[in-house]
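Data block below; observations after.
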Number of protein chains: 2
Amino acid sequence: MTDRTAVLDRVLHLATLVQADLGRFEREHGLTTSRVHLLWVLGASGPSTQQSLAAALDVTPRNVTGLVDGLVASGHVTRQPHPGDRRATLVTPTELGTRTIDDLVSSHADLAQQLFGDVPDDRLAAFAEVLEETTQRFARLMEEGT
Amino acid sequence: MTDRTAVLDRVLHLATLVQADLGRFEREHGLTTSRVHLLWVLGASGPSTQQSLAAALDVTPRNVTGLVDGLVASGHVTRQPHPGDRRATLVTPTELGTRTIDDLVSSHADLAQQLFGDVPDDRLAAFAEVLEETTQRFARLMEEGT
DNA sequence: CCTACATCGTGAAGTAGATTCACGACATGA
DNA sequence: TCATGTCGTGAATCTACTTCACGATGTAGG
């Protein structure tokens, strides 16, 4: 009889540790969690309007204004005019911003390798399967709960 | 060839979803993440000084003062004199606070059951094993990094 | 063309979490 | 009793985040 709650606690614990590792990255680069998150989205989506960033980060557009202000001040991004819509601005990474995003991506990959590199492929596949099923079960529960 | 980074992303994704579920709890009870976290610690440790809460939450004692102020105002905890140390106060859950903590614990257990209840014991055990190994590998890395 | 209406970003004002620094009240050991 | 450390909090400050209002711009419909 395996304790389901204990398993959930372990998942949460691991996530907490990974987040703490992200804290190290933030301190090294003089950034905050929210700003790193924005840079991450920017790296995944390319230059974006603040509206789309707000949607991706699940915060209000007004909040994105503040985050971008900070990243402009620290030299990580610039606001470029949007070709074809003079209302919008394209938040675009600078050279420094691009380097930071690359660092972020590679340190993320490094961490994954350090964590799971020694786990044999078959066991990792089984692990990922349970993870996938659980996540999908969760998604179904959320929809019902709405 | 399994992609380690993808597995890490899934772990993080699941943790994000679980955290979103916690948000539901917070809205239902008119609480915030930090205050729920404090109540959780209080439930696990029993009446505590603000110093020990600060250590458990990994925040400054000054911050705990503010969180406890809020929870006193909402009627979830009271400040009791510490027997044997007149400097310290024992943050103690009220009836409402105790009910809230019980709700929190049981909704956490319910969630674990909904997520992992349908996973067969043997597969779940294998899942938990990988999780455990990974967490311990992480702990070793953190110590070296210090 | 021009009038509605919607969208994009931002100023203003406010809340919560969190920090550092300073300080008074109390504990403790020499 | 005297020095030193600990416990909680006032004051000031920062970031993140929200709602509301508004000016500037885009997009149809008549």
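Atoms considered below: every heavy atom in the structure, side chains included; atoms not considered: hydrogens, waters and symmetry mates. The sequence lines fix the lettering, A, B, ..., with proteins before strands; numbering per chain opens at 1.
Applying the 6.0 Å contact sphere to CD of A/Gln80 captures more than 12 heavy atoms from other residues, nucleotides or ligands.
Here the side chain of A/Thr94 pairs a donor or acceptor atom with the backbone of A/Gly75 at under 3.5 angstrom. Remark: side-chain polar atoms of A/Arg79 are not paired, donor with acceptor, to backbone N or O of A/Val72 under 3.5 angstrom.
Counting to the nearest Å, the P atom of D/dC14 and the CG atom of A/Leu67 are 17 Å from each other. Across the protein-nucleic acid pair, B/Asp69 atom CG and C/dT15 atom C1' stand 15 Å apart, rounded to whole Å. To the nearest angstrom, P of D/dA16 lies 10 Å from CD of A/Glu26.
Close to D/dT6, at under 4.0 Å from its OP1 or OP2, lies no side-chain N or O of B/Gln50. Between B/Thr65 and the phosphate of D/dT9, there is a side-chain N or O to OP1/OP2 separation shorter than 4.0 Å. A sub-4.0 Å separation between OP1 or OP2 of D/dG8 and a side-chain N or O of B/Gln51 is present.
Following chains of ILVMFWY side-chain contacts shorter than 4.5 Å, one cannot reach A/Val11 starting from A/Leu22, and the two form parts of different hydrophobic clusters.
At a non-hydrogen distance threshold of 4.0 Å, B/Thr32, B/Ser34, B/Arg35 from residues 29-39 of chain B come into contact with DNA chain C.
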Discussion item. Determine whether A/Leu115 and A/Val18 satisfy the following criterion, side chain to side chain contact (heavy atoms under 4.5 Å, CB included), listing intermediate values before the conclusion.
Written reply: CA-CA 10 Å; A/Leu115 288 181; A/Val18 171; 4.3 Å; yes
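The CG atom of A/Leu90 sits 10.0 Å away from the CD atom of A/Gln50 when rounded to the nearest 0.5 Å. Here CZ of B/Arg4 is found 14.0 Å from NE2 of A/His108. Values are rounded to the nearest 0.5 Å.
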Fill in: Under 4.0 Å protein heavy-atom contacts per nucleotide of nucleotides 19-30 of chain C, with B for base, S for backbone only and - for none
BB----BBS---
Show every donor-acceptor pair shorter than 3.5 Å between a side-chain atom in residues 36-47 of chain B and any protein atom, with sequence neighbours excluded, or say none if there are none.
unit_1  : atom_1 : unit_2  : atom_2 : d
B/Ser45 : OG     : B/Val41 : O      : 3.2

